[in-house]
Q: 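The structure is given below, and queries will be raised subsequently.
Counting convention: from 1, in listed order, for ligands and their atoms alike.
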Amino acid sequence: MSRKKSSSKEDIFEKYRKAGHIVAKAKEYIRPFVKIGTKLFDICEKAEQFVIKEGGKLAFPCNVSINHIAAHYSSPPGDKTIIKEGDIVKVDIGAHIDGFIADSAFTVNFDPDFDKLVEAAVDSCHAAIEAVLPGTNTKDIGKIVESTIKSKSSKYRPIKELSGHILDEYSLHGSKTIPNVPIPYGVKIEEGEVYAVETFASSGSGSVHDLPYGYIYRLLPVRTPVRSKGARKIISAVLKEHKTLPFSERWIAKQVKAYKVALNELVTKGVFHRYKVLSDKKGCKVAQNEETMIVTKEGPEITTTI
Ligand code: MN
Ligand code: MN
């Protein structure tokens, strides 16, 4: 991690805590809006505005993923999708202070048949957090997550492609991951590291695939020259406001009129990565739970709860 000379380790942890506190408050604020009849667009915008009002910056667009959609759905401009009876809704919110990130998600369920699926996500997340200690090998956490989820129902599975992840300065997904299924080799967790621990319980296959669309982007390290004025305007706005962190098509639409053409050009040229929406089998349900935590000798310090 690159550190400025002026920031001590403790200053950095304070920034992680501050970002965490903002996300914890944002989750409490947004929860009452997550109800049948609400537009996903309004949830995304309200949650993001709250983070900014509280003094945070957005670490990524607010995700609101429903039913078999596991992750990476954030409303595009003009999204009319509403929450319907029987939906299971994952809300994932991120904030950062000077690049030090908090990333946390919860699930609201409108189908009583799947209350246990939500419990599976929450309990497995907390079981994983308890195991994130200095010296733990990440492969052991995958076993804990899977067995906790399966203990709720033999039909439930963790989603194997999605994992917890280390957080670094302006980097949402660092080099270390925390698997949700048993894996043969892991890496050692060390004191002072910060992780987003996230688990996904599915009533479907436990595997996700890309849908052909997505509304979240990230700037890639490669710089290819682009000609169009719109595209150049987007790049400089992203460099200034989001750096290497993910951003939303909704945010760009507010700044550039012909944003669709420009974004397509930037993805084609390899300047931006487009995150596709991730889906399990249609008809199944997925629950998610996520908290950010600091690894300490005394045990996990969760930053994203009050
Ligand atoms: Mn998240
Ligand atoms: Mn995450």
Q: Kindly indicate whether the side chain of Ile66, heavy atoms from C-beta on, has any atom under 4.5 Å from the side chain of Leu40.
A: yes

Q: Look at Glu290 and state whether any of its N, O or S atoms is less than 2.8 Å from the Mn ion (ligand 2).
A: yes

Q: What are the two closest non-hydrogen atoms of Ala262 and Ile234, and how far apart are they?
A: CB-CD1, 3.6 Å

Q: Which atom name does Asp103 have for its N/O/S atom nearest to the Mn ion (ligand 2)?
A: OD2

Q: Please name the atom of Glu198, restricted to N, O or S, that is closest to the Mn ion (ligand 2).
A: OE2

Q: For the Mn ion (ligand 2), does an N/O/S atom of His165 lie at less than 2.8 Å?
A: yes

Q: Under 30°, 30 to 60°, or over 60°: which ring-plane class applies to Tyr217 and Phe247, parallel, tilted or perpendicular?
A: parallel

Q: Quick one: closest heavy-atom pair of Glu291 and Ser104, and the distance?
A: OE1-OG, 3.4 Å

